[in-house]
Q: 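Sending over a structure as structure tokens; questions will come in a sec.
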Amino acid sequence: MENTAVMMDLPEGCVANVIGLTTPRDACRLSLISTDFKSAADSDAVWDKFLPPDTNEIVSHSDSEIDAKSKKELYFTLCDPILIDDGKMSFSLDKWSGKKCYMIAARNLRIAWGDTPRYWTWESLPESRFKEAAKLRVVWWLDIRGRIETRMLSPSTTYKAYLVYKLAEDTHGLHRPAVVSVGTRAYGFDYDDARLMELTADNKGNVVLAPQIALQNRELERMPDLSEAKFPNEGRGDGWLEMELGEFHCQGDEDGELEMICCEVKTNMSKSGLLVQGIEVRPERE
């Protein structure tokens with residue numbers, strides 16, 4: 001309170017400079033202190049610091065109409081996803097940190113046999129933010145990969161990647177745990193660093209733990225124990241499930257691609273009924 005009282009005696013420009021060193025959450029809280037604080041906390045000088053430096057470039061790649069009258073209004077407009085790159089990716093800001101968030105549409109993922117109608121079809125779903133979602137008809141080899149350039153991410157930030165999906169009524173064979181990994185490798189992944197994820201849940205939203213799969217070769221023997229498996233999160237608020245694939249700390253000086261992988265290629269079991277919206281990359285909440 002003593003520091004706040006001292007700040008109230010400063011010129012508005014000085015107060016704005018101080019608030020700009022905090023966070024969007026703090027700026028919103030400080031705007032409630034007084035009329036003078038609100039004027040400083042709502043100023044373009046403050047909210048320009050919370051927007052990523054390449055905001056204008058990102059927005060220029062979107063077909064969305066953005067008519068923001070202030071930097072603060074632009075900031076909160078971008079807290080809701082906008083489509084970029086011809087609708088094959090979405091961009092948004094994490095509301096409380098201003099860090100960049102992306103979702104790669106299913107059409108921009110590398111899905112094994114994704115363009116073969118015998119194995120995958122493409123459906124328009126009103127609840128999807130993208131034009132199309134991928135529906136798995138039947139495969140024995142499930143392999144889904146997404147890539148994003150690390151320079152697109154916010155520096156000094158730990159990111160987590162999530163597969164965003166649904167389970168259709170005709171789901172079959174997805175009770176087998178899939179192997180997931182996130183890293184800057186160009187191809188493949190190391191099973192020593194991989195984890196298991198359990199895609200399925202019952203109609204009441206209760207997670208169904210799959211039985212331990214039979215080991216079929218030495219590579220399978222290197223996989224993590226099923227007790228370490230990750231399970232789907234239903235708390236997105238948009239009707240979709242999400243499964244954490246892994247995390248990555250973006251230093252800000254990397255120049256490469258972040259690759260996110262979900263695969264189940266060892267059991268030779270048929271699988272069907274998976275609806276994939278995309279892979280989301282967003283900052284870890286502190």
Side-chain angles (χ1 to χ4, degrees), residues 1 3-85 89-104 129 148-162 235-238 242 247-255 258 278-286:
M1 294 298 294
N3 291 337
T4 301
V6 171
M7 286 180 60
M8 293 180 69
D9 294 331
L10 296 175
E12 182 177 310
C14 293
V15 175
N17 286 335
V18 173
I19 296 176
L21 298 175
T22 62
T23 66
R25 182 194 293 267
D26 292 331
C28 291
R29 289 173 173 171
L30 289 169
S31 69
L32 301 176
I33 293 177
S34 69
T35 302
D36 290 340
F37 262 60
K38 178 174 176 56
S39 179
D42 290 349
S43 67
D44 282 353
V46 168
W47 289 92
D48 190 51
K49 293 181 179 180
F50 297 148
L51 289 164
D54 55 350
T55 297
N56 290 336
E57 179 184 355
I58 294 171
V59 171
S60 70
H61 293 141
S62 173
D63 292 333
S64 302
E65 291 289 338
I66 298 178
D67 183 23
K69 297 178 176 59
S70 67
K71 296 291 186 178
K72 181 179 181 180
E73 186 176 342
L74 174 61
Y75 179 94
F76 282 104
T77 297
L78 294 177
C79 289
D80 292 323
I82 61 171
L83 297 183
I84 59 175
D85 294 350
M89 181 179 287
S90 72
F91 166 80
S92 62
L93 297 177
D94 178 73
K95 181 179 292 185
W96 301 120
S97 69
K99 304 291 187 178
K100 299 177 184 177
C101 308
Y102 293 93
M103 187 189 290
I104 308 167
R129 70 179 60 171
I148 187 171
E149 295 182 16
T150 54
R151 63 177 179 81
M152 296 172 62
L153 306 176
S154 297
S156 304
T157 303
T158 298
Y159 277 89
K160 289 192 174 184
Y162 300 85
R236 288 180 57 85
D238 59 2
E242 67 178 22
E247 67 179 47
F248 169 76
H249 184 75
C250 181
Q251 297 284 359
D253 54 0
E254 300 92 346
D255 186 14
L258 181 67
I279 291 180
E280 187 169 48
V281 183
R282 64 178 190 259
E284 180 182 28
R285 289 286 177 88
E286 297 180 357

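Since the structure is predicted, the reported quantities are computational estimates derived from the model, not experimental observations.
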Q: How far apart are the closest heavy atoms of Lys95 and Pro24, and which atoms are they?
A: O-CB, 3.8 Å
Q: Look up atom OG in Ser43 and atom CD1 in Ile19, then write down how far apart they are to the nearest 0.5 Å.
A: 7.0 Å
Q: Distance check, rounded to the nearest 0.5 Å: Asp44 atom CG versus Glu73 atom CD?
A: 10.5 Å
Q: Closest approach of Phe50 and Thr22, non-hydrogen atoms and distance?
A: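 Nearest heavy atoms, Phe50 then Thr22: CE2-O, 3.6 Å.
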Q: Got a sec, which pairs hit side-chain hydrogen bond (donor to acceptor under 3.5 Å, both in side chains) with one end in residues 60-69, sequence neighbours left out?
A: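 As it turns out, the side-chain hydrogen bond (donor to acceptor under 3.5 Å, both in side chains) pairs with a partner in residues 60-69, which skip direct neighbours, are Ser62-Ser64.
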Q: With rounding to the nearest 0.5 Å, note down the distance linking OG in Ser90 to CZ in Arg129.
A: 4.0 Å
Q: Taking salt bridge (Lys or Arg N to Asp or Glu O under 4.0 Å) as the test, write out the residues that go with Lys160, two or more places apart.
A: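 Counting only residues at least two positions away or on another chain, Lys160 forms a salt bridge (Lys or Arg N to Asp or Glu O under 4.0 Å) with Glu244, Glu284.
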Q: List the residues meeting side chain to side chain donor-acceptor pair (under 3.5 Å) with Ser92, not counting sequence neighbours, and say none if there are none.
A: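 So Ser92 forms no side chain to side chain donor-acceptor pair (under 3.5 Å) with any residue.
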Q: Suppose we screen for side-chain contact (heavy atoms from CB on, under 4.5 Å). Which residues come up paired with Leu74, at least two apart in sequence or across chains?
A: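 Residues passing side-chain contact (heavy atoms from CB on, under 4.5 Å) with Leu74: Leu51, Thr55, Ile66, Ala68, Leu78.
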Q: Side chains of Leu153 and Val281, heavy atoms from C-beta outward: is any pair under 4.5 Å?
A: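 A side-chain contact under 4.5 Å exists here.
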Q: For Tyr159, does the six-membered ring have the charged nitrogen or CZ of Arg282 within the cation-pi criterion, i.e. under 6.0 angstrom from the centroid and within 45° of the normal?
A: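 Ring-cation test returns no.
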Q: Check side chain to side chain donor-acceptor pair (under 3.5 Å) between Thr157 and all other residues, then give those that pass, not counting sequence neighbours.
A: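 Listed in chain order: Lys99.
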Q: Going by the rule side chain to side chain donor-acceptor pair (under 3.5 Å), which residues pair with Thr77 if we only count those two or more places apart in sequence or in a different chain?
A: none
Q: Can you sort out the partners of Tyr102 under ring-ring contact (aromatic ring centres under 6.0 Å, His included), two or more places apart, ordered by chain and number?
A: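 If we apply the ring-ring contact (aromatic ring centres under 6.0 Å, His included) test to Tyr102, skipping adjacent residues, the hits are Phe91.
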Q: Going by the rule salt bridge (Lys or Arg N to Asp or Glu O under 4.0 Å), which residues pair with Lys38 if we only count those two or more places apart in sequence or in a different chain?
A: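 Salt bridge (Lys or Arg N to Asp or Glu O under 4.0 Å) list for Lys38, sorted by chain: Asp42.
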Q: Listed by chain and number, what are the salt bridge (Lys or Arg N to Asp or Glu O under 4.0 Å) partners of Arg151, not counting sequence neighbours?
A: Glu149
Q: Rounded to the nearest 0.5 Å, how far apart are CE of Met152 and CD1 of Ile84?
A: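 Reported to 0.5 Å precision, the distance equals 5.5 Å.
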Q: I need the Glu247 CD to Tyr162 OH distance, nearest 0.5 Å.
A: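 So the CD of Glu247 and the OH of Tyr162 are separated by 9.0 Å.
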Q: Can you give me the closest heavy-atom contact between Gly98 and Leu93, atom names plus distance?
A: O-CD2, 3.6 Å
Q: Show me, pair by pair, the donor-acceptor contacts under 3.5 angstrom made by side chains of residues 25-32, not counting sequence neighbours?
A:
{"residue": "Asp26", "atom": "OD2", "partner": "Thr23", "partner atom": "OG1", "Å": "3.1"}
{"residue": "Ser31", "atom": "OG", "partner": "Cys28", "partner atom": "O", "Å": "2.6"}

Q: Got a sec, which residues hit ring-ring contact (aromatic ring centres under 6.0 Å, His included) with Tyr75, two or more places apart in sequence or on another chain?
A: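 Tyr75: ring-ring contact (aromatic ring centres under 6.0 Å, His included) contacts with Trp47.
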Q: Can you list every pair that meets salt bridge (Lys or Arg N to Asp or Glu O under 4.0 Å) and has a residue in residues 46-57, with sequence neighbours left out?
A: Asp48-Lys71, Asp54-Lys100
